[in-house]
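Chain letters run A, B, ... following the sequence lines, proteins first, then strands; residues in each count from 1. Since we're looking at a predicted model, the values are computed, not measured.
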2 protein chains.
Amino acid sequence: MNFQKRKQQILEKLNTDGDIDVKQVALELSASEITIRRDLNQLADDGLLYRTHGGAMRIDQVVIPHQFVNKAAQNVEAKDKICRAAANEIHDGDIVFMDCGSTVHRLCQFIKNKKIKVITNSLPVVYELQNSLVSLNIIGGEFNAERQAVHGSMANEHISHYKATRAFLGVDGISRNGLFANSELEADITRAFAAQSKKTYLLCDESKIGRETYLRFGTLEMIGAVITNSRSNELEYFRKEGVKVVEV
Amino acid sequence: MNFQKRKQQILEKLNTDGDIDVKQVALELSASEITIRRDLNQLADDGLLYRTHGGAMRIDQVVIPHQFVNKAAQNVEAKDKICRAAANEIHDGDIVFMDCGSTVHRLCQFIKNKKIKVITNSLPVVYELQNSLVSLNIIGGEFNAERQAVHGSMANEHISHYKATRAFLGVDGISRNGLFANSELEADITRAFAAQSKKTYLLCDESKIGRETYLRFGTLEMIGAVITNSRSNELEYFRKEGVKVVEV
DNA sequence: TTTAATTTGTTCAAAAATAATCAAATTCAA
DNA sequence: TTGAATTTGATTATTTTTGAACAAATTAAA
């Protein structure tokens, strides 16, 4: 067995086990310990692992925040239906705002092969799209670890510099009386997104329709379309107000 | 059997096995080893396989390291020493710029318990500090996946809105003639950081001292201190220019 | 803290693979 | 067929890889 082959096997083992031990690797690959040590040193020089005493550890790349993943896993089928419909609205060349909602996040998987620009305040979105055809623009400002996103006045100013063809946003509630958010920060950035995009899409699963929580921050005029799996009567009011309703 | 025929068979075998061995191929195709070696070299020149000692591998089997991670694991002890010294300079209440260099990234682990604000264009820094006492501000702008960081005019403008007490930066080279970078984007953002911070620290392992690469983008006046493990004579020039040199 | 065990780097030698050189065999065109 | 060009194989010197031995450094234990 040559170095390249060993290298491959070592990395494979490291990937499954998380950490490895010189002695055991030497035994498994039937090479001497000194050889394995040399291999590990070389791999460490190439940045493929961390060398430890007696072995090596995997370099943990960017970690996906669990909290976010958990929330994102709720109501998956409905969200995916909504996102598929949303993705159909996006075409090559579009400049797209995406906010930090969990539904919007699921949109990522459907747009990886589109030649578009995405401007977002959500780190999970960045993480999801970083190795795709999508060109990314991160909105700057104060970072909130819980939301995994950027908010605040600097973020709003950042958005004001750009003009997008479409914005895909989430809200905490929407009714005939307008749009609702759980915090001022979220309300502000949603307003900023909507103001700077030609067309604004709200991605809402059924739980959001007709819901009025904490802070009313805008009217239905702000948005161009709602994409939802809901069949609520409330949707009729939206249509009356000139909001396009896409039922999935 | 002629070369074209052998070439075909070699590639076929490589495709099924993933890697091949000069001796065995020579035996199977009843040609001498030197002939097979020549074949392999030619195929490698054409980019059809990856030549190894004793054989060859399929191109797609060769592991390509991620650039950021790659650099992060190099010269770890020196970087940690430098970062420990750098962390000593940081005190509660500080506003700190951190750029996207691999040395600066290692500084994270030493400052997690400090009550400071960190303003950064580096996503790995954000990930590292997101569950710490540090309050984070992300610099907005166009995201570069390879560097895992934000650069560009928007980023520079973002920085201009803030004033930091300290900046911890990396460069690709520093000599008595000034500071050197590998790209204009990096040069610009480094300049922006330095301009907006009261004191600028350069974290440089020995490989950077005296090195003059690609683009000279600033003079020694821009920086207040260099923290390094180098013992180069070049450091004397830095002191003469009023740069504080911290040797670790 | 001191001591023992383990791990590591260094040096050297053996083994394997390779490149370089040249001669023999093969191919191809005239 | 002849002869030039190309391909192939053999030989030898060089390079690379590997492993062993031992001193230095690091870690764990007492």
- Task: For C:dT8, take OP1 and OP2 only and decide whether either is under 4.0 Å from a side-chain N or O of A:N41.
- Result: no
Look at B:R6 together with B:D39 and state whether they make a salt bridge at an N to O cut-off of under 4.0 Å. yes
Picking from C:dT18, D:dG9, D:dA20, the nucleotide nearest the side-chain atoms of A:I34 would be D:dA20
Query raised in the report: Any sub-3.5 Å donor-acceptor pair from B:D205's side-chain atoms to B:S207's backbone N or O?
Result: yes
* To do: Look at A:R6 and D:dT18 and indicate whether a side-chain polar atom (N or O) is within less than 4.0 Å of OP1 or OP2.
  => yes
- Item | Pair of N/O donor and acceptor under 3.5 Å linking D:dG9 base with B:R38 side chain | yes
Whole-Å distance, A:D21 CG to D:dT27 C1', equals 14 Å
Exercise. Are B:R51 and C:dT18 close enough that a side-chain N or O sits under 4.0 Å from OP1 or OP2?
Worked result: yes
Out of C:dA20, C:dT8, D:dT8, minimum distance to the side chain of B:T35 belongs to D:dT8
Taking only side-chain N and O atoms of A:K23, does any of them lie within less than 4.0 angstrom of OP1 or OP2 on C:dT6?
no
request  = Please confirm whether the backbone N or O of A:K79 pairs with a side-chain atom of A:T103, one donor and one acceptor, at under 3.5 Å?
outcome  = no
Here the distance between atom P of C:dA17 and atom CG of B:L40, to the nearest Å, is 13 Å
Which of A:V96, A:I139, A:V125, A:I159 passes side chain to side chain contact (heavy atoms under 4.5 Å, CB included) with A:I119? Answer is A:I139
note: B:R37, atom CZ; C:dA16, atom C1'; distance rounded to Å ~ 10 Å
note: B:E33, atom CD; C:dA20, atom P; distance rounded to Å ~ 18 Å
Requested in this report: For the pair A:E33 and A:K23, find out whether any cationic side-chain nitrogen is under 4.0 Å from an anionic carboxylate oxygen.
Outcome: no
Practice task
Determine: side-chain N/O of A:H53 to OP1/OP2 of D:dT27, distance under 4.0 Å, yes or no.
Solution key: yes
B:D19 atom CG is separated from C:dA17 atom P, nearest whole Å, by 14 Å
Whole-Å distance, B:D39 CG to C:dT18 C1', equals 15 Å
To the nearest angstrom, the NZ-C1' distance between A:K7 and D:dT17 comes to 15 Å
From NZ of A:K5 across to C1' of D:dT17 the rounded distance in Å is 18 Å
